[in-house]
Visitor: 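If you scroll down you'll find the structure; I have some questions about it.
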Protein chains: 2
Amino acid sequence: MGTRHMSQTERAVTELKRKIMSNELAPGSNHLEGELAALLGLSRTPVREAMLMLEAHGLVEVRPRHGMRVLPISAADMEEIYQILTELESLAAYDLAARRPAIEELAPMRQAVDDMEVALGSDDRVAWAEADNHFHEALVDLAGNRRLKSIVSTYSDQAHRARMITLHMRPKPSKSNEDHRALLKAIEAGDAETARQIHRNHRLRAKGLMLDLLRKHGFFHV
Amino acid sequence: MGTRHMSQTERAVTELKRKIMSNELAPGSNHLEGELAALLGLSRTPVREAMLMLEAHGLVEVRPRHGMRVLPISAADMEEIYQILTELESLAAYDLAARRPAIEELAPMRQAVDDMEVALGSDDRVAWAEADNHFHEALVDLAGNRRLKSIVSTYSDQAHRARMITLHMRPKPSKSNEDHRALLKAIEAGDAETARQIHRNHRLRAKGLMLDLLRKHGFFHV
DNA sequence: GCGCTTGACAATGCATACATTAACCAATAC
DNA sequence: GTATTGGTTAATGTATGCATTGTCAAGCGC
């Protein structure tokens with residue numbers, strides 16, 4: 001891996017983000033600049049910069065004298081996030097369909113759907129989730145709005161922990177795969193409005209499902 | 001003013017942002033850490049942090065050895081931004097209407113519309129633009145999705161310079177005021193879907209108008 | 001004249017030093 | 001027991017120092 005030319009700040013961001021996403025740094029926990037610097041084997045300066053970046057990405061909150069606090073994600077937070085993702089990804093679906101992409105451009109999306117199909121067959125939820133991520137990522141990628149892509153990526157990261165929790169509680173995600181195939185078809189047909197509707201409904205259903213699970217299982221925060 | 005308890009970093013962010021928004025720092029211009037530190041009378045550390053924050057807000061790009069570059073905003077950038085604002089503000093309109101706010105909650109929006117009416121009468125474009133900002137700000141504020149509010153605020157800032165340029169080229173914004181009144185009515189009636197449509201159309205029209213002006217007057221960047 | 005190499009310079013990335021000040025705790029007053 | 005005050009401590013905010021390294025340009029070969 002090309003960690004050779006990474007700045008210390010980047011290293012800190014990457015490493016801290018990994019630790020947060022994997023719950024190695026527990027939601028709600030506090031971490032002082034000095035601690036983290038020692039933990040990562042760096043001086044406070046790059047750690048401090050990394051903390052500010054993570055704060056900008058909504059993963060932590062920096063409170064003077066208390067270090068950074070890993071933000072818990074409540075059901076209410078997830079609702080905010082899913083609403084935003086719903087609107088923006090639906091827009092991406094619309095735009096992508098509207099610009100009538102060449103068939104081969106859609107290869108990543110097709111690949112992702114195929115992978116999801118396989119994962120579904122062997123009930124490998126982790127593989128399925130990964131392919132699902134690829135699908136959504138390819139969608140906003142191909143839509144071509146760089147800012148939209150950046151926002152979606154930020155909030156997908158925030159949602160990551162919650163998705164991992166509900167992954168094993170939800171029913172087999174076969175309906176999702178149908179949605180994805182249908183979306184792909186609408187995009188291929190250049191039917192922008194249909195693409196938007198399909199994806200919007202897909203996201204709305206996913207949102208409802210996730211929130212139900214989070215609330216039912218008493219996760220007021222993650 | 002409470003600039004007393006502001007950290008130097010905050011001061012730097014505020015001041016640099018002001019300079020960028022007012023074109024005191026020209027789009028496309030480059031500025032080294034050292035220069036800015038001297039300019040603001042600080043050491044490089046808080047300036048450096050401020051640069052990173054402005055980069056996170058999409059106003060500048062930091063390139064090692066070249067300092068920060070004030071990002072020009074092209075018509076293509078404005079299109080991206082307006083698409084995002086359209087979707088998210090329309091969602092805000094929907095949500096606000098759906099939660100049937102108390103009449104007095106909407107006072108800021110009503111006030112903004114009144115102010116716009118007055119400004120329109122005396123053809124005071126700057127005052128009109130300010131009131132328009134208040135209206136949109138109040139809308140996303142009242143909708144209650146904090147993340148949505150934060151995104152909209154970020155991208156509104158990015159659009160600021162372009163809006164200021166087209167402000168005096170556009171026709172008298174009377175249609176805007178009609179839209180705002182209609183939106184307010186739909187929200188009062190709790191008619192979420194109508195509110196969404198009205199605001200979406202409002203934004204789409206504004207987008208088209210602005211892009212036409214930018215392109216017609218040869219502003220490939222601002 | 002054009003492109004490549006080389007070397008000096010200077011901007012940066014990071015470490016560290018230091019003053020400030022908020023948080024905590026103990027002791028006191030009520 | 002609770003609230004208030006004052007002192008101590010340590011985390012931060014900022015400045016500064018220094019090694020690294022990318023940039024730029026002059027000079028060289030072609």
Side-chain angles (χ1 to χ4, degrees), chain A residues 1-20 24-72 150, chain B residues 1-20 24-72 150:
Chain A
M1 268 272 283
T3 55
R4 180 69 59 117
H5 300 284
M6 255 191 179
S7 74
Q8 300 300 79
T9 301
E10 288 175 88
R11 224 187 291 277
V13 169
T14 308
E15 187 60 13
L16 290 177
K17 189 166 160 182
R18 191 189 60 70
K19 282 179 192 290
I20 290 168
E24 208 170 314
L25 295 182
S29 61
N30 286 55
H31 307 276
L32 299 171
E33 289 181 5
E35 282 177 30
L36 294 176
L39 179 67
L40 301 175
L42 314 162
S43 80
R44 276 176 47 222
T45 308
V47 171
R48 196 179 154 80
E49 288 183 1
M51 284 167 59
L52 291 175
M53 289 173 151
L54 293 172
E55 183 171 49
H57 282 218
L59 290 174
V60 309
E61 171 192 24
V62 177
R63 293 180 311 165
R65 311 272 160 179
H66 294 274
M68 74 174 198
R69 177 179 136 87
V70 180
L71 287 175
S150 151
Chain B
M1 265 273 284
T3 56
R4 180 71 57 117
H5 300 285
M6 256 191 179
S7 74
Q8 301 299 78
T9 301
E10 288 174 89
R11 226 187 291 276
V13 169
T14 308
E15 187 60 13
L16 290 177
K17 190 166 160 182
R18 192 188 60 69
K19 282 179 194 289
I20 291 168
E24 209 171 313
L25 295 181
S29 60
N30 286 73
H31 307 274
L32 299 171
E33 290 181 6
E35 283 177 31
L36 294 177
L39 179 67
L40 301 175
L42 313 164
S43 79
R44 277 175 44 223
T45 309
V47 170
R48 197 180 151 80
E49 288 184 1
M51 284 167 58
L52 291 175
M53 288 172 152
L54 292 172
E55 183 171 49
H57 282 233
L59 290 174
V60 309
E61 172 192 23
V62 177
R63 292 182 310 165
R65 313 271 160 177
H66 294 273
M68 74 174 198
R69 175 179 136 88
V70 180
L71 288 175
S150 151

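Note on naming: letters A, B, ... go to the chains in the order of the sequence lines (proteins, then strands), and numbering restarts at 1 for each one.
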Visitor: Could you list all the salt bridge (Lys or Arg N to Asp or Glu O under 4.0 Å) pairs where at least one residue sits in residues 59-68 of chain A, not counting sequence neighbours?
Guide: Glu61(A)-Arg69(A)
Visitor: Separation of Met68(B) atom CE from dG13(C) atom C1', in whole Å?
Guide: 18 Å
Visitor: In chain order, what residues pass the side-chain hydrogen bond (donor to acceptor under 3.5 Å, both in side chains) check against Glu24(A), with sequence neighbours excluded?
Guide: Arg18(A), Lys19(A)
Visitor: Going by side-chain hydrogen bond (donor to acceptor under 3.5 Å, both in side chains), name the residues that satisfy it together with Ser150(A), two or more places apart in sequence or in a different chain.
Guide: none
Visitor: Rounded to the nearest 0.5 Å, how far does CG of Leu39(A) lie from CD of Glu15(A)?
Guide: 8.0 Å
Visitor: If you look at every heavy atom in Leu71(A) and Pro27(A), which pair is closest and at what distance?
Guide: O-CB, 4.3 Å
Visitor: If I take atom CD1 from residue Ile20(B) and atom CG from residue Leu54(B), how far apart are they, to the nearest 0.5 angstrom?
Guide: 5.0 Å
Visitor: Please give me every residue in residues 35-44 of chain A whose heavy atoms get under 4.0 Å of an atom in DNA chain C, ordered by residue number.
Guide: Leu42(A), Ser43(A), Arg44(A)
Visitor: Mind checking which nucleotides bracket the chain A contacts on DNA chain D, 5' to 3', with an atom under 4.0 Å from a heavy atom?
Guide: dA10(D) to dT14(D)
Visitor: Going by the salt bridge (Lys or Arg N to Asp or Glu O under 4.0 Å) test, which pairs reach into residues 38-52 of chain B, not counting sequence neighbours?
Guide: Arg48(A)-Glu49(B), Glu49(A)-Arg48(B), Glu33(B)-Arg44(B), Glu33(B)-Arg48(B)
Visitor: Is any side-chain nitrogen or oxygen of Thr9(A) closer than 4.0 Å to OP1 or OP2 of dC14(C)?
Guide: yes
Visitor: Which heavy-atom pair separates Leu32(A) from Gly67(A) by the least distance, and what is that distance?
Guide: CD2-N, 3.6 Å
Visitor: Is Thr45(B) touching bases, backbone alone, or none of the nucleic acid, heavy atoms closer than 4.0 Å?
Guide: base
Visitor: With His57(A), which residues qualify under side-chain hydrogen bond (donor to acceptor under 3.5 Å, both in side chains), at least two apart?
Guide: none
Visitor: If the sugar-phosphate is the primed atoms plus P, OP1 and OP2 and the base is the rest, what is the B/S/- string for nucleotides 4-10 of chain C, using protein heavy atoms under 4.0 Å?
Guide: ------B
Visitor: Which heavy atom of Ala12(B) sits nearest a heavy atom of Pro46(B), and at what distance?
Guide: CB-O, 4.3 Å
Visitor: Mind listing the residues from residues 46-60 of chain A sitting with a heavy atom below 4.0 Å of DNA chain D? Number order is fine.
Guide: Arg48(A)
Visitor: List for me each residue that meets side-chain hydrogen bond (donor to acceptor under 3.5 Å, both in side chains) alongside Thr14(B), sequence neighbours excluded, and say none if there are none.
Guide: none
Visitor: State, to 0.1 Å, how close Val60(B) and Met51(B) come at their nearest heavy-atom pair, and which atoms those are.
Guide: CG2-O, 3.9 Å
Visitor: Which heavy atom of His66(A) sits nearest to which heavy atom of Asn30(A), and what is that distance?
Guide: O-ND2, 3.2 Å
